[in-house]
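Here is the structure we will look at, set down as structure tokens.
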2 protein chains.
Amino acid sequence: MSLPHAILTALLEKPSSGLELTRRFDRSIGYFWSATHQQIYRELRKLEGEGLIRALPSEQPARGQKKAYEVLAAGREELARWTAASQDPKPQRDALLLRLRAAAVVGTEGLEDDLRRHRELHARQLETYREIERRDFPPGRGGAEDRLRHLVLRAGIDLETFWTQWLDHALAEFAELDVRGRE
Amino acid sequence: MSLPHAILTALLEKPSSGLELTRRFDRSIGYFWSATHQQIYRELRKLEGEGLIRALPSEQPARGQKKAYEVLAAGREELARWTAASQDPKPQRDALLLRLRAAAVVGTEGLEDDLRRHRELHARQLETYREIERRDFPPGRGGAEDRLRHLVLRAGIDLETFWTQWLDHALAEFAELDVRGRE
DNA sequence: CCACCCATGTAAGTGGTTACATGATTAG
DNA sequence: CTAATCATGTAACCACTTACATGGGTGG
């Protein structure tokens, strides 16, 4: 039950239409809560029905016409309530770790290439995050909002750093297993 | 599409009944691919229907009677195929990071307690992983299977280490924001 | 006027969660 | 005999994914 709250956050940062939201999810919020345009449109209608957001009155609401939304007071309250509410962490699900465990039983044949590919994907994401950090969070520190957003970005940077390092470690292990295997 | 493969892996490690699998998911495989007993029973029947596993012939198949399964050759092949197949990483979804970003807009009121709670949960999980490491992977290194399984465990240890450290960092930041706020 | 992109939407299917049901076995 | 627990199962629901549809505007 987090997508509506992701959308409320994005709309509070800046009122937007569905497609604008979709793009911002691709670049920013989506780094830790991804969503497709189908999900976003559905949820926007639901939030409007619940009275948490409203369409900006400006224009004609025809199909194919841009429709921007803003958050109402009830929406801001709901977001504050959700943010403060105690929530248990979701159980983990990571397919790559599962595949490695499977490989311990059925063999590592073919896995190494994909590990290498994942390493590159994580390295690229890490570089993206670092660019955002250079651009948006220069050394002289800003206000409370900036510091919180920087904290979130640091989590992304540290997570991608972890994955690239761990995958390097895994690939080194694979190389050694190969050598032993050929002996 | 990973739950069937998680089950195949677990059954190859040791043929088991549904409930035994459920318990093992709670302790081990579930650390990176969680599943409830309902999911597991449903999937076991599906895998049996597809001819990837079979019920061990021993006993009467009545309701309330234990029924153990083992993996057939076709199941092992399917697992090997899946393990080697290239797969894209799933888009991230982390509610805690989302809440922090929301807090940058609606305020941090009430969040700190839950951050502290999460920190303790991650610290506890880290301790659990470390105990497993001491018990199952003593310094003198074992064969290829053990090294792969150890690699997976290391990912768990490093991830929980990251989270505890990041949450410490976040809590320190909160403490500082509080001081500034009161000035 | 045609191809392409913008913007919003529908529909079907999958995987996971939550709540509940039921028979068998065991401890007190 | 009863309550608790073991073991398996059903059903409803919800979030997300994937594939497709449709109207409006714009450039060649």
Side-chain angles (χ1 to χ4, degrees), chain A residues 1-8 10-11 15-26 29-30 32-50 53-56 58-69 82 87-95 98, chain B residues 1-8 10-11 15-26 29-30 32-50 53-56 58-69 82 87-95 98:
Chain A
M1 264 284 295
S2 299
L3 176 61
H5 304 98
I7 291 177
L8 287 173
L11 286 181
S16 307
S17 68
L19 194 63
E20 281 161 5
L21 277 178
T22 303
R23 293 203 214 293
R24 291 172 57 205
F25 267 72
D26 285 345
I29 299 251
F32 44 93
W33 203 275
S34 67
T36 63
H37 78 272
Q38 291 90 335
Q39 280 179 279
I40 288 169
Y41 285 119
R42 184 152 25 92
E43 200 65 42
L44 282 172
R45 268 170 278 143
K46 201 167 153 234
L47 288 169
E48 192 180 20
E50 292 167 350
I53 64 174
R54 66 162 185 182
L56 284 176
S58 52
E59 341 215 340
Q60 69 279 41
R63 191 179 178 114
Q65 293 299 315
K66 212 159 79 170
K67 203 164 55 173
Y69 293 90
W82 176 80
Q87 291 173 44
D88 286 333
K90 283 258 148 177
Q92 274 297 304
R93 288 215 169 98
D94 188 292
L98 187 57
Chain B
M1 266 284 295
S2 299
L3 176 60
H5 304 98
I7 290 176
L8 287 172
L11 286 181
S16 306
S17 68
L19 194 64
E20 280 161 6
L21 277 178
T22 303
R23 294 202 211 293
R24 289 171 59 203
F25 268 71
D26 285 344
I29 300 250
F32 45 92
W33 203 276
S34 68
T36 62
H37 78 272
Q38 291 91 333
Q39 282 179 278
I40 289 170
Y41 284 120
R42 183 154 24 96
E43 200 63 44
L44 282 171
R45 269 171 277 144
K46 199 165 154 237
L47 288 168
E48 192 179 21
E50 292 166 350
I53 64 174
R54 68 162 183 179
L56 285 176
S58 48
E59 341 214 340
Q60 70 277 40
R63 192 181 178 111
Q65 292 298 316
K66 212 159 78 168
K67 200 162 59 173
Y69 292 90
W82 177 81
Q87 291 172 45
D88 286 331
K90 283 259 149 176
Q92 273 298 305
R93 288 215 170 99
D94 187 293
L98 187 57

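Each chain gets a letter, A, B and so on, in the order the sequences are listed, and its residues count up from 1.
Here the P atom of nucleotide C/dA7 and the CD atom of A/Glu20 are 7 Å apart, to the nearest Å. Taking atom CG of B/Leu19 as the reference point, atom P of C/dA24 lies 17 Å away to the nearest angstrom. We find that CD of A/Glu48 is positioned 14 Å from C1' of C/dG9, with the value rounded to whole Å. Rounded to whole Å, the distance from CZ on A/Phe25 to P on D/dT17 is 12 Å. B/Asp26 has its CG atom 14 Å from the P atom of D/dA7, to the nearest Å. Atom CG of B/Asp88 and atom P of D/dT17 are 13 Å apart (whole Å). Here D/dA15 presents its C1' atom at 14 Å from NE2 of A/His5, a figure rounded to the nearest Å. Here the C1' atom of nucleotide D/dA7 and the CZ atom of B/Arg45 are 12 Å apart, to the nearest Å.
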Q. What do the steps show when you test A/Arg93 against B/Ser2 for side-chain hydrogen bond (donor to acceptor under 3.5 Å, both in side chains), and what is the final call?
A. CA-CA 9 Å; A/Arg93 288 215 169 98; B/Ser2 299; over 6 Å; no
Please list, for nucleotides 16-20 of chain C, all pairs of protein and nucleotide N/O atoms separated by less than 3.5 Å.
residue : atom : partner : partner atom : Å
C/dG16  : OP2  : B/Gln39 : NE2          : 3.3
C/dG16  : O5'  : B/Gln39 : NE2          : 3.4
C/dG16  : O3'  : A/Arg93 : NH1          : 3.3
C/dT17  : OP2  : A/Arg93 : NH2          : 3.2
C/dT17  : OP2  : B/Gln39 : OE1          : 3.1
C/dT17  : O4   : B/Arg42 : NH2          : 3.3
C/dA19  : N6   : B/Gln38 : NE2          : 2.7

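Side-chain contact between B/Leu44 and B/Leu11 is present, with heavy atoms from C-beta onward closer than 4.5 Å.
Atom-to-atom distance recorded for B/Tyr69:OH and B/Arg45:CZ is 7.5 Å, nearest 0.5 angstrom.
Taking 4.0 angstrom as the limit, B/Tyr41 places none of its side-chain polar atoms (N or O) nearer than this to OP1 or OP2 of D/dG9.
A donor-acceptor contact shorter than 3.5 Å links the side chain of A/Gln87 to the backbone of A/Trp82. Counting only distance, with no hydrogens or angles, the side chain of A/Thr22 and the backbone of A/Gly18 share a donor-acceptor pair below 3.5 Å. Judged purely by atom type and a 3.5 angstrom limit, B/Gln39 uses its side chain to pair as donor or acceptor with the backbone of B/Thr36.
Contact annotation for B/Ser17: backbone-only contact, meaning every heavy-atom pair under 4.0 Å involves sugar-phosphate atoms and none involves a base.
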